[in-house]
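Quick notes on the structure that follows.
Each ligand, and each atom within it, is numbered from 1 in the order the structure gives. Quick note: numbers below take in every heavy atom, side chains included, and nothing from hydrogens, waters or symmetry partners.
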Amino acid sequence: MYSRIVGTGGYLPENVMTNADLEKIVETSDDWITERTGIKQRHIAVEGETTCDIAEKAARQAIEAADLKPQDIDLIIVATTTPDRIFPSTACLLQARLDIHGCAAFDVQAVCTGFVYALSIAEKFIRTGSATRALVVGAETTSRILDWTDRSTCVLFGDGAGAVVLAPSEEAGILSTHLHADGQYSDLLTVPEGVSQGFDKMKAGEAYIQMQGNEVFKMAVNTLGRIVDETLTANNLEKSDIDWLIPHQANIRIIKATARKLNMSMDQVVVTVDHHGNTSAASIPLALDVAVRDGRIKRGETLLLEAFGGGFTWGSALLKY
Ligand code: ACO
């Protein structure tokens, strides 16, 4: 028994912020952002628009694409680093919005690798018979944890949500998932405030992403190269067996390095970073949804999903769509 993706969905807040808009806020330029990151624009939630609001839109789309009703869902996992509340979890809030009652619902926090973690957990629930229709969402309002005076981080991120529905299948679906973390690098990419450390800055809205960009960049390229090898070896596959690479969308240069490692043409790589920026846990399901809806990804094709993010966390999923 496999678990298979039977529906995808995505949602981006309507409000678009271009590089030209950022030029008015911080000392930066469209040329710098484009050359270093590949980003041209990102979507930013308006005031009052929350992670649960955008998660709901992506979730409803994925459920509809799966030809199901919300009440068919019996497991909800939301990957997010920007939950609406400390508790209840965003998954519980989403469950109520969808008028689903009683099934397990919880959040997973692995920053940019969150969706791969959530997918891996849901896959195991389905394969072991503990759930039959799992809703897996990656949703972020990362703009809320950005210091809009720090040009080294505020130009990189955006808001959005992506979702998939997983169901059991006798045909091949998710073939393997690979999850890793190494907390010793926690200070290279962090929001160094939190509940247990005291509320002062959280209250003032001053809990912001801090990143040693250059260090993170080097680690990301090396680590993603290794996880590609690990995933191929575990499945006894060659690089040429992969039809599509769906990478976490942090930086076009990191994405190109992984594609080179796989000897893949960029035509086989789904790129959304130019339009979405880095939407953290939402970036992979959003990219997947874009390429499914525009007809690039077809049933039966082999997809490699991979991510690297704060923690550090990193992971991959190999699947037949
Ligand atoms: N506009 C103009 N100049 C800038 C900007 C900006 N927005 N930001 C930084 N600079 C300047 C710096 O001040 C520096 O100037 P200096 O040389 O005078 O000191 C110069 O540009 C170069 O800065 P670097 O940080 O060395 O630039 P780099 O080439 O490393 O690019 C970047 C920075 C884009 C952040 C890159 O390092 C990166 O993408 N890192 C990885 C990000 C990532 O993958 N994160 C993981 C996932 S995110 C998550 O998990 C939440």
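Protein heavy atoms are found less than 4.0 angstrom from atom 13 (O) of ligand 1. Protein non-hydrogen atoms do reach within 4.0 Å of atom 51 (C) of ligand 1. Distance check on atom 28 (P) of ligand 1: some protein heavy atom falls below the 4.0 Å cut-off.
With respect to Ile209, the side-chain contact (heavy atoms from CB on, under 4.5 Å) criterion is satisfied by exactly one of Asp147, Thr81, Leu189: Leu189.
For ligand 1, the atoms sitting less than 4.0 Å from at least one non-hydrogen atom of Val155 are 7 (N), numbered in the order shown with element in parentheses. Interface atoms of ligand 1 facing Leu156, defined by a heavy-atom separation under 4.0 Å, are 35 (C). Of all atoms in ligand 1, numbered sequentially from 1 with element shown, those under 4.0 Å from a heavy atom of Val111 are 49 (C), 50 (O), 51 (C). Interface of Leu189 with ligand 1, defined as ligand atoms under 4.0 Å from a residue heavy atom, comprises 46 (C), 48 (S), 49 (C), 50 (O).
Using a 3.5 Å distance cut-off with no hydrogens or angles, the side chains of Ser316 and Thr231 do pair a donor with an acceptor.
In this comparison of Ile254, Leu224, Thr28, the heavy atom closest to atom 44 (O) of ligand 1 sits on Ile254. In this comparison of Phe312, Phe308, Trp32, the heavy atom closest to atom 5 (C) of ligand 1 sits on Trp32. When Arg151, Glu140, Arg36, Glu23 are ranked by how near their heavy atoms come to atom 11 (C) of ligand 1, first place goes to Arg151. Here the shortest heavy-atom distance to atom 43 (C) of ligand 1, taken over Ile33, Val216, Asp30, Asp150, belongs to Val216. Compare Thr279, Thr313, Asn251 by their heavy atoms: the one nearest to atom 36 (C) of ligand 1 is in Asn251. Between Ala110, Ala281, Cys112, Ala307, it is Cys112 that holds the heavy atom closest to atom 48 (S) of ligand 1.
More than 12 heavy atoms of other residues, nucleotides or ligands sit less than 6.0 Å from atom CZ of Phe217. The number of heavy-atom neighbours closer than 6.0 Å to NZ of Lys239, taken from other residues, nucleotides and ligands shown, is above 12. Remark: Asp67 CG is loosely packed, at most 12 non-hydrogen atoms of other residues, nucleotides or ligands lying under 6.0 Å away.
Gly310 counts as a contact of ligand 1, since one of its heavy atoms falls under 4.0 Å from the ligand. At least one heavy atom of Ser152 sits under 4.0 Å from some atom of ligand 1. Ligand 1 is approached by Thr37 to a heavy-atom distance shorter than 4.0 Å.
The residues Asp243 and Lys298 are annotated as not salt-bridged, no charged nitrogen and carboxylate oxygen being separated by less than 4.0 angstrom. Salt bridge present: Arg60 and Glu56 bring a charged side-chain N and a carboxylate O closer than 4.0 Å. Ion pairing between a basic and an acidic side chain is recognised when a charged N comes within 4.0 Å of a carboxylate O; Asp159 and Arg144 show no such pairing. Arg293 has a carboxylate O that lies under 4.0 Å from a charged side-chain N of Asp289, or vice versa, which qualifies the two as a salt bridge.
The aromatic rings of His276 and His43 stand perpendicular to each other, their planes meeting at an angle above 60°, with 30° marking the opposite boundary.
With contacts defined as side-chain heavy-atom distances shorter than 4.5 Å, the pair Cys154/Leu22 qualifies.
Within the 4.0 Å heavy-atom criterion, neither part of Thr153 lies near ligand 1. Counting heavy atoms closer than 4.0 Å to ligand 1, residue Ala220 contributes nothing at all.
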